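First comes the structure, then the notes that go with it.
Lettering of chains follows the sequences in order, A, B, ..., and the numbering in each one begins at 1. Just so it is clear, the model here is predicted, and its values are computed rather than measured.
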Amino acid sequence: MLAFIGRRLLIAIPTVFIISVFVFLLQKLLPGDPVLALAGEDRDPATLEALREMYHLNEPLIVQYFYWIGAVLQGDLGMSLRTNQPVTSLILEKLPVTFQLAVMALIFAVGIGVPMGILSAVYKGSWLDYIANFVALSGLSIPNFWLGILLILLVSVNLGWLPASGYRPFTVDPVRSIETMLMPAFVLGTALAATLMRHTRSAMLTVLKSDYVRTARAKGLRERVVIMKHALRNALVPVVTVSALLFGELLAGAVLTEQIFTIPGFGKLVVDAVFNRDYAVVQGIVLVTSVGFILMNLLADTAYMILNPRMRDQK
Amino acid sequence: MSDNAPLLAVEDLSIMIGRQAENLVDGVSFSVMPGETLCIVGESGCGKSVTALALMGLLQTPPVHITSGSVRFDGHDLLGLSVDDWSDLRGDRMAMIFQEPMTALNPAFTIGDQIAESVMRHRRIGAEAARARALEMLERVGIPAARTRLDAYPHQLSGGMRQRAMIAMALANDPTLLIADEPTTALDVTIQAQVLQLIRDLQRESGTALILITHDLGVVAEVADKVAVMYAGRIVETAPVEALFNDPQHPYTIGLIGSLPGLEAGQRGSRLATIPGLVPAPESMPAGCRFADRCPFATATCAEAPPLREIASGHAVACHYAPLEEHCAPEQAA
Ligand SMILES: Nc1ncnc2c1ncn2[C@@H]1O[C@H](COP(=O)(O)OP(=O)(O)O)[C@@H](O)[C@H]1O
Ligand code: SF4
Ligand SMILES: [Mg+2]
């Protein structure tokens with residue numbers, strides 16, 4: 001088990017290296033001179049040259065890369081050109097907020113998508129199946145921003161049940177934190193719930209036809225046990241893998257949702273950094289997100305292995 | 001239930017797929033006495049598995065559904081039972097072994113769990129006792145190092161071992177009827193004899209009645225008390241095993257046995273189907289005798305479906321020209 005994870009981490013190293021090279025080159029290829037941005041009004045050539053020297057911008061690219069990656073490995077992603085704060089601390093400050101949003105959204109997605117998928121597979125062809133598919137299609141096709149605005153109008157403005165904004169960190173005020181996150185998490189979760197529902201449905205349909213489900217019935221097990229134990233356990237294998245991969249998509253979707261619900265998360269950081277051409281921050285974000293994706297992939301593989309005894313024996 | 005009442009009595013069972021014009025299984029009747037072994041033989045696709053699954057209530061409905069008939073088992077009218085009552089019998093009084101050991105066990109649970117689960121479902125005992133029973137069964141079916149196998153997953157066992165585990169699972173609650181649907185077909189030839197022998201030994205020990213579905217006439221000669229020959233969804237001949245081999249009456253049975261030169265009881269590995277032609281597909285069943293296309297004796301009369309008629313005690317044949325001695329010249333019948 002640990003050996004498996006260790007091996008996977010080793011395999012991930014070349015991937016991370018290639019990503020880091022891309023991220024590094026991205027900065028070099030982008031239009032606009034960061035030194036000019038940094039110097040602001042001061043266009044004195046001597047100042048510019050000093051800045052170039054300071055950031056090793058006169059060295060060959062490859063040397064610049066090693067300066068950069070060396071710092072990155074020590075947790076130094078540079079300074080924000082706008083706020084003069086370390087990028088690392090900016091990211092560390094915002095990441096937990098978005099992580100909370102993504103986790104809550106995933107709970108919604110799994111909580112809605114998996115049961116709906118099971119029901120529509122078990123009652124395939126019935127009105128329940130049609131309704132579930134209709135809801136799923138709606139969930140996929142309603143844009144997040146529209147659903148978000150609608151919810152704010154209905155739940156916050158008209159009914160006054162939940163706050164539309166005013167996020168507090170979970171560690172400061174957990175109740176308030178969860179309250180403000182409920183609607184955004186729901187909005188973010190619905191599209192994923194639809195995807196999960198379809199995956200669960202098709203996995204369940206396949207599994208329900210399998211010989212071992214017939215064996216379970218031949219033992220006289222109640223249909224409930226046949227479905228929730230023998231069938232679901234196997235159908236979950238692909239579903240869990242998909243969920244872990246969708247988690248990355250959640251982080252991407254969070255950008256827009258955070259804007260709608262004015263949540264001070266990663267999304268806001270991304271948008272601000274891009275509009276301000278705050279390259280160091282953009283770079284840091286891309287790097288952190290990529291590594292996050294790789295970790296989620298690893299998590300998906302590990303979950304797959306835990307759920308699938310056949311994989312455990314493979315060396 | 002009196003001593004000479006059958007354990008299982010199937011009357012006029014008909015099964016259809018979807019909305020096809022003809023029944024897939026058509027008017028099948030047979031019975032099994034307690035402790036008796038009935039072999040059902042016939043070429044692949046003739047409806048043996050569908051019939052067996054119907055007895056267990058395991059048909060895939062839709063599209064496969066029972067259109068008529070009755071199944072009486074141990075005093076119960078199975079087709080009239082509620083889903084729950086039927087599942088109380090399944091795995092307890094009646095059990096089944098399938099053809100494909102590679103896929104019949106759930107890959108996500110250990111062998112021990114899967115056997116113990118069945119025991120706990122039908123007996124009021126705890127997990128420990130059920131596990132002990134699972135171990136006992138694994139030992140009885142001759143799985144070496146049974147104690148470690150208890151915690152093995154199906155993929156860690158060979159096909160033969162998995163089929164033994166299936167047998168252990170099926171017999172864990174001492175059923176009175178065991179249905180084995182081609183239990184050795186998917187196994188290596190060397191393993192086939194061992195697994196078959198195991199089933200016979202366990203059956204003899206426990207007095208379980210056995211319905212063995214096979215297309216191996218050698219196996220039939222060896223284990224059957226009674227044989228039902230199926231062709232294209234109908235029973236064309238049923239007889240005690242000696243009568244079937246010594247005095248086969250249906251042209252299809254004669255063809256099957258004829259394609260086994262010099263068959264003697266105990267001979268194995270001999271397979272059916274050297275009769276020219278193919279079994280008609282379910283969607284194109286002929287209206288009259290379903291064997292007419294391939295029958296050397298077919299006449300205009302055969303456009304009419306022949307009923308299953310008893311020609312001697314316990315020996316019934318579905319052919320207009322049975323018994324053959326009365327209708328044909330001897331050299332024709334040979
Ligand atoms: N679930 C099903 N759906 C459609 N056709 C089926 C199904 N099960 C069996 N059949 C058809 O019924 C026929 C008889 O099948 P089966 O009972 O498995 O034959 P056997 O066991 O004698 O080889 C075959 O033609 C098969 O294709
Ligand atoms: S009824 Fe006719 S076609 Fe059918 S088996 Fe008898 S002789 Fe052949
Ligand atoms: Mg079959």
How about B/T110 and B/Y153: do any of their side-chain heavy atoms sit closer than 4.5 Å?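 Side chain of B/T110 against side chain of B/Y153, heavy atoms only: contact under 4.5 Å found.
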Sub-4.5 Å side-chain heavy-atom contact between B/T214 and B/L196: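 No - every pair of side-chain heavy atoms lies 4.5 Å or more apart.
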Among B/L55, B/T37, B/L178, B/T51, the one residue meeting side-chain contact (heavy atoms from CB on, under 4.5 Å) with B/I211: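 With B/I211 as partner, side-chain contact (heavy atoms from CB on, under 4.5 Å) holds for just one option, B/L55.
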Residue selection (most heavy-atom pairs with chain A, distance under 4.5 Å) from [options]:
{"options": "B/G57, B/A104, B/G91", "result": "B/A104"}
{"options": "B/V83, B/D92, B/D84", "result": "B/D84"}
{"options": "B/M94, B/H155, B/M96, B/M166", "result": "B/H155"}
{"options": "B/Q60, B/M102, B/M169", "result": "B/M169"}

Heavy-atom distance under 4.5 Å to chain B: side chain of [X], backbone, both or neither?
{"X": "A/N308", "answer": "neither"}
{"X": "A/R222", "answer": "both"}
{"X": "A/V225", "answer": "side chain"}

Measure distances from [X] to the heavy atoms of chain A and classify the residue's part below 4.5 Å as side chain, backbone, both or neither.
{"X": "B/A108", "value": "both"}
{"X": "B/Q156", "value": "side chain"}
{"X": "B/I97", "value": "neither"}

Does anything in [range] pair up under salt bridge (Lys or Arg N to Asp or Glu O under 4.0 Å), and if so which pairs, sequence neighbours excluded?
{"range": "residues 116-126 of chain B", "result": "A/K219-B/E117, A/K229-B/E117, B/D88-B/R121, B/R123-B/D174"}
{"range": "residues 44-57 of chain B", "result": "B/K48-B/E182"}
{"range": "residues 198-207 of chain A", "result": "A/D129-A/R201"}

Looking only at heavy atoms, which two atoms of B/F109 and A/R233 are closest? And how far apart?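 Nearest pair, atom of B/F109 first, then A/R233: CZ-CG, 3.7 Å.
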Looking only at heavy atoms, what is the nearest atom pair of A/V110 and A/S243, with distance?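 So the two residues come closest at CG2-OG, 4.4 Å.
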Answer yes or no: does atom CD of B/E205 have more than 12 heavy-atom neighbours from other residues, nucleotides or ligands under 6.0 Å?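 More than 12 within 6.0 Å, yes.
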Considering heavy atoms only, which positions within residues 179-197 of chain A lie below 4.5 Å of chain B?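 Within residues 179-197 of chain A, no residue comes under 4.5 Å from chain B.
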Is it true that the side chains of B/S49 and B/Q99 contain a donor and an acceptor less than 3.5 Å apart?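 Looking only at side-chain atoms, B/Q99 and B/S49 do not form any donor-acceptor pair under 3.5 Å.
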Do B/Q194 and B/R164 get their side chains close enough for a donor-acceptor pair, meaning under 3.5 Å?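 There is such a pair (donor and acceptor under 3.5 Å, judged by atom type) between the side chains of B/Q194 and B/R164.
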